[in-house]
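Input: a single structure, listed below in C-alpha cells.
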Amino acid sequence: MIVVFGSANIDLILPIPHLPEPGETVLADELATAAGGKGSNQAIAASRAGGPVAFVGCVGRDGYGALLAAKLTSAGVGIAGLRRVPAATGTAIIALDRAGRNTILVASGANALARATQVPERWLGPSTLLVLQMEVAARENWRLLRRAKARGARVLLNLAPAAPVPASVLRKVDYLVVNETEALALAKSVGRRVVRPAAAAKALALHCGGVVIATLGAKGAIAIAREGTLRVPAPAIRPIDTTGAGDAFVGAFAAALDRAESIEAALRYGVAAGSLACLVRGAEPSLPKAAGIATLVRRMARGDRGKVGKRR
Ligand code: RIB
C-alpha cells in the first residue's frame, strides 16, 4: 500500500509569453484552473499507474477543497485521511511560458495544518511505502518518517521544494527523489559544493541511507546506490507544460516499487510517466494512466527515439 502524506492545491494557471523578470508585469490572455499540489498529484499519479493509494492531508471547507477531494476519489485514491479544516485550500499561482516552463508560488493555507497524527498506526507497516514531499510542515514529515521506519515501512522523500534535511532523517530515507535544483541545494546544505546535479546526487548518496534518484529533465533520471549508478534517458518530446512532471515521475516510480519491480524498471516507468505529463497542460489533467506509461516504456526499450506527440 502507498500512503502519500502531503499537500493539495488548487492551481491557478496563467499562460504567458515569457516568465517575468523581478518588477515586470506580464499579461496572460486567460486564467485556467486545475487540481494540483505535490502530495495530491503524486497520490493520483500512483493510483493511475496502478497502485493502491491513500492520501493524507488537509484542504479547506471551501469549494476548492470539495473539488480536490472529488478529484482524488475519482482517481481511485482513498481519502479517509483527508481533513477539511477551517483555512483556505492551498493555492498555487503558476506562470507558464510558451516553452512549457513554469514558476510556481504557493499559498500553503490548509496544507500548513496537516499533521502526522492523521496517519493511523495500522497504515504503517512492512508493506507500506510512505511518500513525502516538502509542501507541508517539515517537522510533521520527520515525525511521520520516524514512526513509519520504526514500524518497518519504506519511505520515499521527494525533496520538493528544496529544504535542509536533518542528517538523522536523511539516513532513514529509502528513496530520495530530487530534481537538479534540489540536488544542488541539498548537497550544499550537507557541505558538498558541487556544480553538476549528477555529482550532487553522488555526493548525497554518501549521506542518504538508501537510493538517491535525480530527475534530470530532458536528460531522464539517474539512481545512485552504494553499489553503482543506473541511468535512464528520457524519450524525445516537445513539452507543453512541465508542471506536475516530477509528481508523475514520483507517483509512477512508487507504484512500480509497490509491486516489487526493480529500481531500474521503476526508474524507466517513472521517466515515461514524467515525459507523458509534459504533453498536457495542468498538473492533475496531465498525470498518465498505466496503459499509456507501459506503451511508452516499450518504445523506450526498443530504443525508439522518435518524438512522442501530443496526448490530447
Ligand atoms: O509539482 C507541481 C505542483 O506544485 C503544482 O500542482 C502546484 O500546486 C505546486 O504544488
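Remember, it's 1-based here, ligands and their atoms both numbered in the order they're listed.
Remark: ligand 1 and Thr243 share no N or O pair separated by less than 3.5 Å (distance only, no angle test).
With a 4.5 Å cut-off on side-chain heavy atoms, Tyr175 and Val155 do not count as touching. Two residues are said to be in side-chain contact when any heavy atoms from C-beta on lie closer than 4.5 Å; Asn41 and Thr243 fail this criterion. Using a 4.5 Å heavy-atom cutoff, the side chains of Gln133 and Asp247 are not in contact.
Look at Gly37 and you'll find a heavy atom under 4.0 Å from some atom of ligand 1.
For Arg231, the CZ atom is loosely surrounded, since the number of other residues' heavy atoms within 6.0 Å does not exceed 12.
Atoms of ligand 1 found under 4.0 Å from any heavy atom of Ala92 (numbered from 1 in listed order, with element): 7 (C), 8 (O). Distances below 4.0 Å separate heavy atoms of Glu135 from the following atoms of ligand 1: 4 (O), 9 (C), 10 (O). Atom numbering of ligand 1 starts at 1 in the shown order; those under 4.0 Å from a heavy atom of Asp247 are 1 (O), 2 (C), 3 (C). Atoms of ligand 1 found under 4.0 Å from any heavy atom of Gly36 (numbered from 1 in listed order, with element): 6 (O), 8 (O). Against a heavy-atom cut-off of under 4.0 Å, Asn41 is close to the following atoms of ligand 1: 2 (C), 3 (C), 5 (C), 6 (O). In summary, the atoms of ligand 1 found under 4.0 Å from a heavy atom of Asp11, numbered by their order in the structure, are 5 (C), 6 (O), 7 (C), 8 (O). Each of the atoms 6 (O) of ligand 1 lies under 4.0 Å from some heavy atom of Ala283.
Note on Glu182 versus Lys38: no salt bridge recorded, every NZ/NE/NH1/NH2 to OD/OE distance being 4.0 Å or above.
Within the structure, no pair that satisfies the salt bridge (charged side-chain N to carboxylate O under 4.0 Å, His left out) test touches residues 191-212, not counting sequence neighbours.
Regarding atom 4 (O) of ligand 1, its nearest protein heavy-atom neighbour is Lys38 NZ, 3.1 Å.
Residue-level proximity to ligand 1 for Glu284 is absent, since no heavy atom of it falls below 4.0 angstrom.
Between the side chains of Asn9 and Ser7, no donor-acceptor pair is found at a separation under 3.5 Å.
Residues forming a ring pair (Phe, Tyr, Trp, His ring centres under 6.0 Å) with Tyr269 (at least two apart in sequence, or on another chain): none.
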